[in-house]
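Below: the structure, in structure tokens.
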Amino acid sequence: MKSIYKLLMAITLLLSVTLTNAQSKNNVTESVKINGNCGMCKKTIETAANNKTANLTWDVDSKIATVTYDSKKTTLDEILKRVANVGYDNEKFTAPTTAYNKLPGCCQYDREPATETDK
């Protein structure tokens, strides 16, 4: 009975390691600049970006985000669009003016004047 239990535990452990390794083969890590000012910005940016297929960590001081994502399930563009849609300009996308204007005063960073396509 003990040997069957040990065998099942070994199989479970082996499968866990195999599945974890398979998931990490598709992971890509990139750094991108995202505008923002404070800890509230950090929370909003990270909440907008993070899900089961992506993990973003934003540094308040450098304004650089480290993004790790499963390239089979999402793209950097999709992640950065979500960030822009909550009000934060980044390297690839400008936030809609309406989203930027809804940010708290401490989160409204200096930005380039809006163009007609941003409104």
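Annotation: the span from Thr57 atom OG1 to Asn50 atom CG amounts to 6.5 Å, rounded to 0.5 Å. For the atom pair CZ (Arg111) and OG1 (Thr94), the distance works out to 6.5 Å, reported to the nearest 0.5 Å. Note that the OG1 atom of Thr53 and the CD atom of Glu78 stand 8.0 Å from one another [nearest 0.5 Å]. One finds the NZ atom of Lys92 at 10.5 Å from the CD1 atom of Ile79 (value rounded to the nearest 0.5 Å). Residue Arg82 holds its CZ atom at 9.5 Å from CG of Leu56, rounded to the nearest 0.5 Å. Atom CD of residue Gln108 and atom CG of residue Asn37 lie 9.5 Å apart, to the nearest 0.5 angstrom.
The backbone N or O of Asp59 sits nowhere less than 3.5 Å from a side-chain atom of Lys42 that would complete a donor-acceptor pair. Looking only at distances, a side-chain donor or acceptor of Glu91 sits under 3.5 Å from a matching main-chain atom of Lys33. Side-chain atoms of Asp89 come within 3.5 Å of backbone atoms of Ala95 as a donor-acceptor pair (strictly under, hydrogens ignored). Counting only distance, with no hydrogens or angles, the side chain of Trp58 and the backbone of Ile45 share no donor-acceptor pair below 3.5 Å. Judged purely by atom type and a 3.5 angstrom limit, Tyr100 uses its side chain to pair as donor or acceptor with the backbone of Tyr109. Listed for the Asn35 side chain is no donor-acceptor partner under 3.5 Å among the backbone atoms of Tyr88. Here the side chain of Asn90 pairs a donor or acceptor atom with the backbone of Leu80 at under 3.5 angstrom.
Between Cys107 and Cys38, the closest heavy-atom pair is SG-SG, 3.6 Å. Residue Pro96 comes nearest to Ala84 through the heavy atom pair CD-O, 3.3 Å, listed as atom of the first residue, atom of the second, then distance. Closest heavy-atom contact between Gly39 and Val60: N-CG2, 4.4 Å.
Hydrophobic clustering, with ILVMFWY side chains joined whenever heavy atoms are under 4.5 angstrom apart, keeps Met40 apart from Ile64.
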